[in-house]
Amino acid sequence: MQIRILCVGKIKEAFYRDAIAEYGKRLSRYARLQIIEAADERTPENLSSRVAADVKRREGERILAQVRDSDYVIALAIEGVSYDSVGLSEHLGSLMSRGASTIDFVIGGSLGLSPEVMRRANETLSFSKLTFPHQLMRVILLEQIYRSFRILNHEPYHK
């Protein structure tokens, strides 16, 4: 099983990088993890809707350039389906049993994901109605994927 996190932007803060590295190490028992960072666009203050759409389009093109036809793509978006931790683990287990060998989780930039990325996604996943910084979302996502594998393997996890 390969898990790929396709995301916009780089992580600058050491504490986020450390958390991402820790969950990457923990996940290595269960899956191959790859984090692919697409360059983010500069977003000026008070940008017009046209400029915002152009920014999302360019970031989306960079993300989609990394997606393979055979990948199962899960876009993270507020309007997506929500699970509790057990439900997410069951869902990931179901995807794996149906033959999904590579699952791409896509995290957009500060403006979200382009319509093109959303159309390519096999599904959308929401962790909350709240908006999180994309750097923090990587940590949350990796922790939940790790927790899912622990649950699937009937191993203890903190409730």
Side-chain angles (χ1 to χ4, degrees), residues 1-24 27 31-85 87-92 94-96 98-148:
M1 162 61 45
Q2 182 173 24
I3 301 289
R4 299 186 335 146
I5 311 296
L6 308 177
C7 42
V8 174
K10 294 196 177 295
I11 300 292
K12 296 173 185 77
E13 298 86 353
F15 59 92
Y16 285 134
R17 286 195 309 270
D18 291 345
I20 290 165
E22 177 62 27
Y23 283 111
L27 270 168
R32 290 184 325 271
L33 174 67
Q34 184 179 14
I35 298 175
I36 299 168
E37 296 176 330
D40 56 346
E41 292 286 319
R42 294 203 182 274
T43 52
E45 294 291 322
N46 303 319
L47 67 164
S48 69
S49 58
R50 183 172 164 265
V51 171
D54 195 43
V55 165
K56 288 197 304 187
R57 181 189 53 76
R58 286 193 303 268
E59 290 175 347
E61 287 171 353
R62 291 183 192 119
I63 289 170
L64 290 172
Q66 300 298 322
V67 175
R68 300 171 296 222
D69 290 342
S70 61
D71 294 352
Y72 190 88
V73 179
I74 301 174
L76 274 60
I78 288 176
E79 64 273 8
V81 174
S82 293
Y83 296 97
D84 62 14
S85 294
L88 180 61
S89 71
E90 290 170 348
H91 181 59
L92 292 178
S94 173
L95 290 174
M96 289 185 282
R98 290 186 308 202
S101 61
T102 300
I103 301 174
D104 293 344
F105 289 91
V106 181
I107 303 172
S110 61
L111 299 177
L113 293 167
S114 70
E116 294 81 11
V117 171
M118 296 301 284
R119 279 194 294 276
R120 171 54 183 92
N122 297 91
E123 66 179 272
T124 56
L125 173 65
S126 175
F127 279 85
S128 173
K129 297 291 183 196
L130 300 171
T131 301
F132 295 104
H134 62 90
Q135 303 94 325
L136 179 59
M137 195 62 237
R138 284 194 217 180
V139 177
I140 293 169
L141 174 62
L142 287 169
E143 190 280 331
Q144 285 300 305
I145 295 169
Y146 170 70
R147 184 180 296 260
S148 291

Just wondering, do Val67 and Arg120 contact through their side chains at under 4.5 Å, heavy atoms?
yes

Tyr23 OH to Ile5 CD1 distance, which is reported to the nearest 0.5 Å:
13.5 Å

Quick one about Ser85 and Gln144 (side-chain donor to acceptor, distance below 3.5 Å, no hydrogens or angles considered), yes or no?
yes

For Ser126 against Ser82, the heavy-atom pair lying closest together
O-OG, 3.4 Å

Using a 4.5 Å cut-off on heavy atoms from C-beta on, say whether the side chain of Leu95 contacts that of Asn122.
no

Closest non-hydrogen contact found for Ala39 with Val8 is O-CG1, 4.2 Å

Are any of the side-chain nitrogens in Glu143 or Arg147 under 4.0 Å away from the carboxylate oxygens of its partner?
yes

Is it the case that more than 12 heavy atoms not belonging to Arg68 sit under 6.0 Å from its CZ atom?
yes

How long is the straight-line distance from CD of Glu90 back to OG of Ser148, given to the nearest 0.5 Å?
9.5 Å

Take Leu47 and Leu111, measure what side chain to side chain contact (heavy atoms under 4.5 Å, CB included) needs, and give me the verdict at the end.
CA-CA 11 Å; Leu47 67 164; Leu111 299 177; 4.0 Å; yes

Taking it one step at a time, do Arg57 and Glu61 satisfy salt bridge (Lys or Arg N to Asp or Glu O under 4.0 Å)?
CA-CA 6 Å; Arg57 181 189 53 76; Glu61 287 171 353; 2.8 Å; yes

Approximate separation, where rounding is to 0.5 Å, of Asp54 CG and Ser114 OG:
11.0 Å

Closer than 3.5 angstrom, by distance alone: can the side chain of His134 be matched with the main-chain N or O of Ile107 as a donor-acceptor pair?
no

Checking Tyr16 against Arg138 for the side chain to side chain contact (heavy atoms under 4.5 Å, CB included) test, could you report, in this order, the C-alpha distance in whole Å, the side-chain angles of both residues, the deciding distance, and whether it holds?
CA-CA 9 Å; Tyr16 285 134; Arg138 284 194 217 180; over 6 Å; no

Between Arg62 and Glu41, is there a salt bridge with N-O shorter than 4.0 Å?
yes

Looking at Arg4 and Gln66, would you say the former's side chain and the latter's main chain have a donor-acceptor pair under 3.5 Å?
yes

Any non-hydrogen side-chain atom of Glu59 less than 4.5 Å from a side-chain atom of Val117?
no

To the closest 0.5 Å, what do you measure between CD1 (Ile20) and SG (Cys7)?
7.5 Å

Separation between CD1 of Ile145 and CD1 of Ile103, rounded to the nearest 0.5 Å:
8.0 Å

Using the ring of each side chain (for Trp, its six-membered ring), is Tyr83 parallel, tilted or perpendicular to His91, with breaks at 30° and 60°?
parallel

What I'd like to find out is whether the side chain of Thr124 reaches to under 4.5 Å of the side chain of Leu113, using heavy atoms alone.
no

Euclidean distance, Leu125 CG relative to Leu141 CG, rounded to 0.5 Å
7.5 Å

